[in-house]
Amino acid sequence: MYQLHTEKQRLYFNEVIRLHYEEGMGEDRISRILPIGHTIASRCIAIFAKEKGRISKGTVMRKRKVKPDSLPQSEQNEALKKKVKSLEAKLLQAEIKAEAYDEMIKIAEARYRIPIRKKTGAKQ
């Protein structure tokens, strides 16, 4: 078991726990209210959680991503249609970009009269 070593930890432990669990405040906000640092507040909360086996209200759980298999068929179709449209737009943008690069190379070869592209079958 972790012991409270400093006087500040002993003095403010109960208040930190009350603010965190009853008021839903985080360590940063508690350290601004009480004359303690962020580290002491987080240690107090960790000690209490470990001893009591509690999870704080302030603990944010990540949202679980919904797999397409768990969606209804109509929603799956809509999601796939959106994805196809997005990918088609990206493909169009990539094709336009490739054409622009090709045209730039043609202009540079004509203006400066130097071969930029490698010829096929050339030794490397």
Side-chain angles (χ1 to χ4, degrees):
M1 183 178 136
Y2 183 83
Q3 296 295 321
L4 301 171
H5 296 293
T6 65
E7 190 60 36
K8 277 188 177 181
Q9 285 177 332
R10 287 187 208 105
L11 190 62
Y12 293 109
F13 180 80
N14 291 330
E15 187 63 17
V16 167
I17 299 305
R18 186 189 71 75
L19 288 172
H20 184 69
Y21 285 102
E22 291 177 13
E23 304 294 326
M25 295 183 186
E27 296 95 0
D28 290 330
R29 191 155 183 202
I30 292 171
S31 65
R32 284 187 223 127
I33 294 171
L34 300 175
I36 60 173
H38 176 278
T39 309
I40 293 175
S42 63
R43 283 185 186 156
C44 290
I45 293 167
I47 291 167
F48 184 79
K50 189 174 182 181
E51 288 177 357
K52 302 294 181 184
R54 290 182 62 178
I55 296 176
S56 66
K57 286 182 187 176
T59 304
V60 177
M61 301 297 280
R62 290 186 184 167
K63 262 189 168 178
R64 204 177 94 198
K65 291 185 178 179
V66 178
K67 294 182 180 178
D69 297 338
S70 63
L71 293 174
Q73 189 67 27
S74 61
E75 289 182 24
Q76 275 184 349
N77 289 341
E78 291 300 318
L80 290 174
K81 285 178 184 177
K82 285 181 183 178
K83 190 171 184 176
V84 166
K85 280 187 180 182
S86 168
L87 291 173
E88 285 176 346
K90 286 181 182 180
L91 176 63
L92 179 64
Q93 187 177 10
E95 288 173 348
I96 292 171
K97 193 175 183 180
E99 286 180 32
Y101 286 142
D102 189 45
E103 195 62 33
M104 266 188 343
I105 291 172
K106 284 180 187 176
I107 292 170
E109 286 178 334
R111 180 178 288 172
Y112 299 113
R113 299 177 199 268
I114 56 171
I116 296 175
R117 290 189 184 94
K118 290 185 177 182
K119 294 186 168 81
T120 57
K123 293 184 180 180
Q124 292 184 359

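Nothing here was measured: the structure is a model prediction, and the numbers come from that model.
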query = Hey, what do you get for CD (Q76) to CG (L80), rounding to the nearest 0.5 Å?
reply = 6.5 Å
inquiry  = Tell me whether H20 contacts the main-chain N or O of M25 through its side chain, where contact means a donor paired with an acceptor under 3.5 Å.
reply    = yes
query = So, are E109 and K106 salt-bridged, with charged N and O less than 4.0 Å apart?
reply = no
ask   = When you look at Y12 and I30, which way does the side chain to side chain contact (heavy atoms under 4.5 Å, CB included) test go after all the steps?
value = CA-CA 10 Å; Y12 293 109; I30 292 171; over 6 Å; no
ask   = With a cut-off of 6.0 Å (strictly less than), are more than 12 heavy atoms of other residues, nucleotides or ligands near CZ of R117?
value = yes
key: Heavy-atom pair of closest approach, residues I45 and I17   = CA-CD1, 4.0 Å
ask   = Any side-chain heavy atom of K83 within less than 4.5 Å of one from L87?
value = yes
ask   = Got a second to check how far C44's SG is from N14's CG, nearest 0.5 Å?
value = 9.0 Å
ask   = How long is the span from the NZ atom in K90 to the CG atom in L92, to the nearest 0.5 Å?
value = 13.5 Å
inquiry  = Apply side chain to side chain contact (heavy atoms under 4.5 Å, CB included) to residues L34 and L19 and explain how you reach the verdict.
reply    = CA-CA 10 Å; L34 300 175; L19 288 172; 4.1 Å; yes
message = Under a 3.5 Å distance rule, please check whether S31 uses its side chain to pair with a backbone N or O of E27 as donor and acceptor.
response = yes
task = Working to the nearest 0.5 Å, report the span between CG of D28 and CD1 of I33.
result = 11.0 Å
query = Going only through I, L, V, M, F, W and Y residues with side-chain contacts under 4.5 Å, is there a path from L91 to V84?
reply = no
ask   = Hey, any chance Y112 and I116 share a hydrophobic cluster, counting ILVMFWY side chains that come within less than 4.5 Å of each other, even indirectly?
value = yes
